[in-house]
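Chain identifiers are assigned alphabetically (A, B, ...) following the order of the sequence lines, protein sequences preceding nucleic acid strands; residue numbering begins at 1 within each chain. Here the structure is a predicted model, which means the values were calculated and not measured.
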Amino acid sequence: MSTTDHAPTHSAPQNAHAHPHPGVVGDGHSHGTRKSYLTGFALSVILTAIPFWLVMGNVIADTMITTLVIMAFGVAQILVHMIYFLHMNTKSEGGWTMMAAIFTIIVVVIALSGSLWVMYHLNTNMMPGHTMDPANLM
Amino acid sequence: MSTKVQTAEGEAVAFYDIDPHEHPAHGSTMLGFWLYLMSDCLIFATLFAIYGVLGGNFAAGPSPADLFNLPLVAVSTTALLLSSITYGFAMLEMEQNKQGTTQLWLAITGVLGAVFLGLTLYEFYHMIHEGAVPQRSGFLSAFFVLVGTHALHVTFGIIWLVTLMVQVARRGLIPANQIRVQCLSMFWHFLDVIWIGVFTVVYLMGMLR
C-alpha cells in the first residue's frame, strides 16, 4: 500500500497526469468491504438454493418453464458474483476491465447462440427422428 | 513521446522511447490478469457450446438422470460458495496487514477447494466405475471435458494457493505477495462464476432433459 516509495524519477505533474491512481497495490481497483462480501454471499446462497429446490422438488410441472427460471437464476448469480466478489465496475483500471468483459460477453453470446442454433438445425435437417427436442429423448 | 524519424543533421534516429515514462511496479498486472481470465472464459464458452450441442446425444447410454447425484452436487456447490466468502475474508485481513489471519482464511479456502475437488473426483470415479466413461457417448465426452477442465482449474488454484501461503509465510505481506493474493482472488471467484454455469446447465438442466 505504498504510494510514496517510488523513486520520483520524473517531475511530479507529469506522473500525476499519466497515473491518476499511483500505487503498487490496487490502483483504481476496489476491494469491497466485509458488508459487500456478506451481501454477495447471502444473495448467492439464495440464488443457488432456489434453483436446486426447483429441480430436486419438482416444484414446477413444466420442464421448459423450470429450465428458463433456473437459467435466469444462473445469470442473476453470475452478475452478483461479478459485482460483489470480482468488484466489477466501470471505473476499475480506467474502465478497461469492463470493456474487456463486455467484449468477452459478446463473443461468448455469439459462440453459444451460433453453435446451438447451427447444430440444432443440422440435427433436425440431417437426422429425421433424432431431433434435439428433449421430449423425443425421454 | 512517439518515435521521431525526421531529425536534424547529425542527430541519431530514435526508433524507441529513449526516455520511457515510469510505470508503478505491477501497475498493469491486475488488468493483464483480467484479460487472461477473459480468454479463459472463452475456453469455457466453447466447452459449454460443445456440451449444449452434444449434451443430448446419449447413444443409448446413461442419461444425466441416471448418473447425477444432485445432493452431492449441492454439497460441492456449497463448498465452493463458502470458499468464495472465506477468500473474501482473507482479502479483508490482508488489507489490514494481518498476516496470521490472512493465512488462516487462505488455508480454510484451500480446504474448501479440496473438498470440492474431492467430491468431483469421487463423482468421476463413481461414473467411470459404472461404465459411464468419456468414450461412451457424446454427452459423456462433453461432460468430462467441461467438468474436468473446471476441476483442473480448481486443482491449479489449490496448488497456487499453497505456493502463495509458503511465499507469504517466508516474505510476509510484501506488495509483490499482495498483488499475487489479489490475482488468485480473481481466479478463485472466476472459477465460482464458471461453476454457476456448470451446475445450472450440466446438472440442473441435465436432470430436466
Side-chain donor-acceptor pair present, B:Asn69, B:His126, cut-off under 3.5 Å: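 On atom types as modelled, these side chains do not qualify, holding no pair under 3.5 Å.
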Any donor-acceptor N or O pair under 3.5 Å, side chains B:Gln135, B:Ser141: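 Result is no, nothing qualifies.
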Measuring centre to centre across the rings, with the benzene-like ring taken for any Trp, is [X] within less than 6.0 Å of [Y]?
X: B:Tyr51; Y: B:Phe48; result: no
X: B:Trp160; Y: B:Phe33; result: yes
X: B:Phe44; Y: B:His153; result: yes

Would you mind writing out the side-chain donor-acceptor pairs for residues 111-119 of chain A within the sub-3.5 Å range, not counting sequence neighbours?
from: A:Ser113; atom 1: OG; to: A:Val109; atom 2: O; distance (Å): 2.6
from: A:Ser115; atom 1: OG; to: A:Ala111; atom 2: O; distance (Å): 2.5
from: A:Trp117; atom 1: NE1; to: A:His121; atom 2: NE2; distance (Å): 3.2

Proximal to chain A - members of residues 72-93 of chain B, heavy-atom separation under 4.5 Å: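 The residues closer than 4.5 Å to chain A, in numerical order, are B:Val73, B:Ala74, B:Thr77, B:Leu81, B:Leu82, B:Ser84, B:Ile85, B:Gly88, B:Phe89, B:Met91, B:Leu92, B:Glu93.
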Contacting moiety of [X], where chain A heavy atoms sit under 4.5 Å:
X: B:Ile196; value: side chain
X: B:Leu31; value: both
X: B:Met38; value: both

Proximity breakdown for A:Ala101 and chain B, heavy-atom pairs closer than 4.5 Å: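 Both backbone and side chain of A:Ala101 come within 4.5 Å of chain B.
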Region of A:Leu38 in contact with chain B, defined by heavy-atom distances below 4.5 Å: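 Both the backbone and the side chain of A:Leu38 come within 4.5 Å of chain B.
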A:Tyr84 vs A:Phe41, ring pair (Phe, Tyr, Trp, His ring centres under 6.0 Å): CA-CA, chis, key distance, verdict: CA-CA 8 Å; A:Tyr84 289 100; A:Phe41 182 69; over 10 Å; no
Exam field: side chain A:His87 to backbone A:Phe85, donor-acceptor pair closer than 3.5 Å: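 Yes; judged by distance alone, with no hydrogens or angles, the pair exists.
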